[in-house]
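Below: one structure, written as structure tokens.
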Amino acid sequence: MTATFPLDLSGASFIVVSLLLGFFFGFFLERAGFSSAIRLTGQFYFRDWSVLKVMFGAIVVAMLGLAWLSLAGVLDFGAIYVPETYLWPQLVGGLLLGAGFILGGYCPGTGVVAAVTGKLDALFFLAGIFGGIWIFGAAEPALHEFHQSGARGVLTLPQVLNLPAGVVAFLVTLVALGAFWVAEMSESRWRLYEKTYARGRSGAPASPAPSQDEAALV
Amino acid sequence: MSEQATYLPAFSERMIKKHHVAIMLLHWFNAFVWLAELTTGAALIQSDRFRFAPQWYVELVTGVFGTRANMLRFHIAVGLTWIVVLAVYGIFGWRTYLREEVLKREIALDRDDVNWLRIRILRLLGRSNEPLPPQGIYNAGQKLFALTVYAMVPLIAISGLIMAFHWGPASVVGWAVVVHFLAVAVVVSGLMIHVYMGAVFPEEKPAFFSMITGMVPESYAYRHHRKWWEEVKMLERKRAAGELEEAAPQASSRVWAALRAREYWPAYWAALGLGLTLLAAFLLVGQGLGASGGFTRYLAFLIQLVAPGYAASHPYWSNYVQAGRPVLMDFLALELIGVALGGLVSGWLAGRLRWTTDRGPSVPVRARWALAFAGGLLSGFGARMARGCTSGLALSGGATLSAGAFVFMLSVFAAAFAGAYLLRRIWL
Amino acid sequence: MSSRISRRDWLLSTATLAGASREAGATPTPGQRAGKPALQVASNCEMCFWRCGILAKVQDGKVTRIEGNPQHPLTQGRLCARGNAGHFTLYDPDRLKRPQLRVGERGEGRFREISWDEALDWLAARLTELKEKYGPESVAFFPHGVGSSFFATLMKAYGTPNSAEPSFAQCRGPRDVGYALTFGRPLGSPEPLDLANARAIVLIGSHLGENVFTSQITQFAEGLARGARLIVVDPRFSTAASKADWWLPIRPGTDIALLLAWMHVILSEGLEDKAYLAAYATGLDQLREHVRNFTPEWASRETELPAGLIRETARAIAAAKPAVVIHPGRHVTWYGDDTQRARAMAILTALLGAWGRKGGILLRTPVPRGHFDLPPFPEPKRGRADGAGDRYPLASEEQGITTGLVEATLTGRPYPIKGWIVYGQNVLESLPQRERTLAAIARLELMVVVDILPVEQTLYADLVLPEATYLERYDPPHIVETAARPFIAVRQPVVAPLYDTRPGWWIARELARRLGLEAWFPWRTPDEHLAKIIEPLGISLKELKARGAVSFEGRPYIESRKPEDGPLFPTESGKIELYSKLLKELGHDPLPVYRPPADPPPGWLRLLYGRAPVHSFARSQNNALLAGLMPENAVWINPQTARAFGLHDGQRVVLENQDGRKSLPVTVRTTPGIRPDCAFMVHGFGLRAPGLRRANGRGASDNALLSRVATDPLTGATGMHVNFVRPLPAEES
Amino acid sequence: MARYAMVTDLTRCVGCEACTAACSAEWDVPPGHARTRVLPTGPVGEFPRLRAAFYVAQCNHCDRPPCVEACPSGATFQGPDGIVKIDPKLCIGCGYCIPACPYDARYLNPVTQKVDKCDFCAARLERGQLPACVTTCTAHAKFFGDLEDPNSEVYRLVYGRGAERIESDEVKIGPNVYYLGTRGEPALVREKFAPHPPQIPSSGQWWERVFKPLAFLMAGATFLGQAIAFFTQLRKGESQFDE
């Protein structure tokens, strides 16, 4: 019995499915509050861990889904696109994207959702993204050698750790649960800090309440 | 059975809450698991010396799964899921729910229960017509069944794991086979009564629906579970007198309310939604979600429009503009449109559509725009260098355990945390 | 911007990078052979010296299976247990991996891993130093196996005559000399026996079935299946004896008496092949006179075999002539009278007219081969130190006398030996009197070992060079003239050498270059070398490497001979010399004379040893699969003898020999299948090589108990069945 | 469909274990285990009148294989061509089938933790090759083929030259490995290696004799109780039943 998934869609059904998947993607991003730069950057000030919770949670849910379905023979994991590993470009690219994230307040996906819900700064962010991609495109021939360096093809954690995929999935889930626990601790301590000390800090006015992004109007 | 004959309070057919939503979910999850495991389990035992089910049945179920190996793999997959879910319920729900609910109300057999059982059996044999003693939230029969299940489940789980992963020598696996079959047989014999009394026996019809809505009519509670009814009455009197302060929201329709709620969803629900969408993407189009890939294609489309020659010849852009395949006929490009729509709808439903600029308290708007643009430049360049961004490489790469994705995620968070300290002026 | 960050990938410690060979010796990939693409390479095996044709299957760069090569003319796709398990030695984690220079004391086994350049420069310097101080003859060369031919060229170019293989003085030397004295040519290897067409087969001490050479077993079984009568002369009830029509449990050391009695019966009853003898033999009258009173009754007293049985078997053999194979044996160095015994077997073969006849002994069909015209080798100033050619005129100067070189090193006579180069020979396991060998090594200034496994001798080496296994290297082709159809078979690398090992030809050539002797290596690649050899055969290199072997038309019988095949019997008289004038001139018995052996004193047993089908001496003991089939050996003792010693089956004992040498503990196996005055053990166990983690210390070593030898006066070969042991209960810790 | 069988000529066999080595190499049988083993019988008798032979033991792919019945999950099964195979994806390594084989032809592979056995090299047969042991046998003592094909070698050896089966009084299950021997070798083998009656480990026996009937009893009892309740409830009508 060959596995039924992944399907091989084409034509109209492919377009509809792509749009639908995108729709839910955008929908849940906005639901999670990722249209607000305040909430997004809150993560890096230990104030609001939703970025970690949502991202890591989504990864674990999808990973376990993939694991069970391939274990039950319903999904052929071999046919799934696994992003290739380019060690150095991904390291350097990550650093740049992280810097852009904290500087700009968004990442490409959340930037779109923010822009659509009326965030003007997000529009500038998206313009910046197109600019960045254009610069990369122009510079790529010169950077090509580095862009290909550290190539390891499709390399997964189970191969690296020399453990069966099931075990690695279980470990990642454990790490995730640990991270969520840390997140809860950190957030509750921040709220405590917020209540008692925030007013007392010299000069800078209290930062706005985390949950509702009543940022100052334009 | 004090004032039963004289006083039959007029019941306004009010519904009383019997089951917590978590219990209902767990019950139907268990029902599904037992259905799946029993059907495949019975079919998995093939040799005549061990078989329960008839041969035609074994062939029928094997046919459904194609090969017996697939059937075993499915049986193990469902079994593992069952164990994990029960473990999660047990671990997370122990303090708040299990210790109090299970030990006190589901298992503890008091004198009334014992008499109930005795009389019930004698009645079956037509040898007694004593009235049955009053019962708690679950009658003695249900408690007895719960007891057997709680006893047998660990045996089934452990012996199942031993068989699936061959923990220990062959002799241990051999005994695990026996324990597994026997424990299941014990539960099945109890299950027959449970299913009959729950689903078939007319008198217990309200109990069946209570497992769906969580509510039971007060009259049923009064007649079948008197002690629990009195408990509820006592609680209501207290609440009426204002002594109780916990309030259980009577949400009429949770879903619609969640949609319209002004605050953001709790992260874990959003994570679940996002995770399932990501999983659906893998299943339907064989690849994960993404964003920066979409941008690149739109830019490539733009360049091809403006200067087709340059695009075709350029070493980087050329691999996006192959003849015969329109640039935008790509999952990531289409998906990006969806993202925009999804964000719009969600923002609209939550009433968050407003022209504004998110900025730190001490940053003028124009400066914020400039910073956003600069951030965009860095993000765009970084995303292309890494061949993916937080939604593409991190999410999809993370879910498929791609090593590069984890490297990428670590460096994103590292840079962001480091940057956050440097740029604390513009955000805090 | 491209940063050449060092390749030390902290993230990817265990991943296999494309192309880089894995460090740890992985066991072969799991065996789902069906469906997985496999590259197939034809080559020949080196788990023993029969060199059967193999087909090695390679999947993602690893040898996963070795099967017989159906196109190999000798073995036709069949393969013994060791052949099938070859790749387990290739992936043996205990293999030697890198050149090692000794840092501790000799025997301590402490080494420093060095690069090949450093190792070869060091060796070249030491060899040049020894040449200047003591002359080139002071370096002795101990080769074994086909790969040693490159080193042999190097040693001759270096200027030393002293080279000796154990295959002469410890194995088949006496047999080849005995048959050469009689028929003018030695038998060679693989033995040219027409077993399949034989109507009678006589095995004297040869234990076919336990000693497995693939094609010889196939033909042996075929011959028996076609109704050949089998006579087995062996103090032990061997596998062959279990299939024999007559098993003669002879008193050890009295074979010549039996042979003389057989000749007596055949000649006295006129059963010999008169026409054949008249045409081709001389000395028949002296023989008839010599055996006149060696009656079966006389022989019965010596051999403890019933006279009737001797007479009956003699008549059975004669009745089957000329299709009779008197199996010459292979390891025949037993009692010191081995050459004369071989002479007797050759004479008996001649009486039956079996040499060059169907069902008898095949004649050799010459196969031309190309040679590089090398410059003449320097003339050594001093003659050979091992006595071959002068003290033992009949000994082969090509193969030499290993124990002679040991004596020369130990005593300094005729001149001191200061350096040993050991290639593929296990001197401490294949040479008897290991104490003398160890003492000799202690006196050396240079000891170099080129080997594949860290056997015991590597502990005493100054320099250890790891050679690639036969699956990773080219060796000169195997040209066989002694088969019914002569053929040439090729060995080519199946996979690239693992770790830092190198093929023998590379080591020899690199050393020659450093010694300024590259003139004797006028080729650069193995293909160049092979192409030269096969030049006169007119076959394409590509086809030979694809098929693995190519055979030619054979002329094995007398009637099919052609003039260019050379004289039928290249002896002095041009005929079969039943009476050997040469031996007379050299002061030896021209006709075999029986001399009674010394019996073991009461309470002692004669130690006999032999082969097991799944092991090749000490070479395969660390092979995972073969060690799984036979992890240890056992000592066979007759139940009566066991009762006399108070031992029971399965008990652990230690064997002590007449000189007080003790073996490691070994299990007793009581069986009626051995004479009460003998004890038997399979050779090659009880190794003292800590580097061989699977084999070290398992079972007992027969070699450790061979402290006494009977030297054959004709060839200098060391007879080793002359040690007596007694079993002592082992107090295992 | 074919009915595969193997014939081993114990007179030709010299006990060189090439078959065991080839089989173990072909199917990655861990050292110390084997799918086919060469077992010495003897020497027996009084010196010097001795007899000995080698018994090449392997799975006989019997006509009525007791091992298939002993396997709870049906992991081991017999194909239409008579070959008894194991589906490794289905075997849980409980080991019930190992003592159930009268010829001890099964073993638990410690690496894969699944039971392994000779399957007549089914994968090689599909590729048109002979089993590894037959191909490599140095004494050309093993023959393999379809017993139903009259001009196959095994047919000639079994029905022509009368190759014998190794059976005992208690165990006659139609083994399909036949043995030739002109010097009474099969008799020697039967003396020392007669097949033992099939049995399953104690856990299996407890299940079959005690727990399975107990399980049926329990389920039956509760079912009966239910039926009675159902009928009484039908007869007496709902109102009567106040609890």
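A quick note: this is a predicted structure, and the numbers were derived from the prediction, not measured. Residue numbering restarts at 1 for every chain, and letters A, B, ... go by the order of the sequence lines.
- Using a 4.5 Å cut-off between heavy atoms, P201(D) does not touch chain B at all.
- When each of F230(D), F223(D), F77(D) is checked for heavy-atom pairs under 4.5 Å with chain B, F230(D) comes out on top.
- A pairwise comparison of heavy atoms in S47(B) and C71(D) identifies CB-O, 3.1 Å as the closest pair.
- Put simply, of G93(D), G74(D), G95(D), the one with the most heavy-atom pairs under 4.5 Å next to chain B is G93(D).
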Please lay out, stage by stage, how I200(D) and R49(B) fare under the test side-chain contact (heavy atoms from CB on, under 4.5 Å). CA-CA 11 Å; I200(D) 53 174; R49(B) 306 165 69 151; 3.5 Å; yes
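- Side chains of S202(D) and W175(B) form a contact here, defined as non-hydrogen atoms less than 4.5 Å apart.
- Within the 4.5 Å cutoff, side-chain heavy atoms of M218(D) are placed close to those of V186(B).
- Taking the six-membered ring for Trp and thresholds of 30 and 60 degrees, F216(D) and F52(B) have ring planes inclined between 30 and 60 degrees apart.
- Taking 4.5 Å as the limit, some side-chain heavy atom of Q226(D) sits within range of a side-chain heavy atom of M197(B).
- For a residue to count as touching a neighbouring chain, one of its non-hydrogen atoms must lie under 4.5 Å from one of that chain's; by this rule V178(B) touches chain D with backbone and side chain alike.
- In terms of heavy-atom pairs under 4.5 angstrom with chain D, the leader among G190(B), G174(B), A176(B) is G174(B).
- In terms of modelled atom types and a separation under 3.5 Å, the side chain of K212(D) and the main chain of L182(B) share no donor-acceptor contact.
- When every heavy atom of C94(D) is checked against every heavy atom of V177(B), the shortest pair comes out as CB-CG2, 4.1 Å.
- The stretch residues 102-121 of chain D places L108(D), Q113(D) near chain B, each with some heavy atom under 4.5 Å from a heavy atom of that chain.
- For the pair L44(B)/S73(D), no side-chain contact is recorded, criterion being any heavy-atom separation below 4.5 Å from C-beta on.
- Contacts between Y96(D) and chain B at a heavy-atom distance below 4.5 Å involve the side chain alone, from C-beta outward.
- There is no contact between V172(B) and chain D, counting heavy-atom distances below 4.5 Å.
- Counting only heavy atoms from C-beta outward, the side chains of F211(D) and F181(B) never approach each other to under 4.5 Å.
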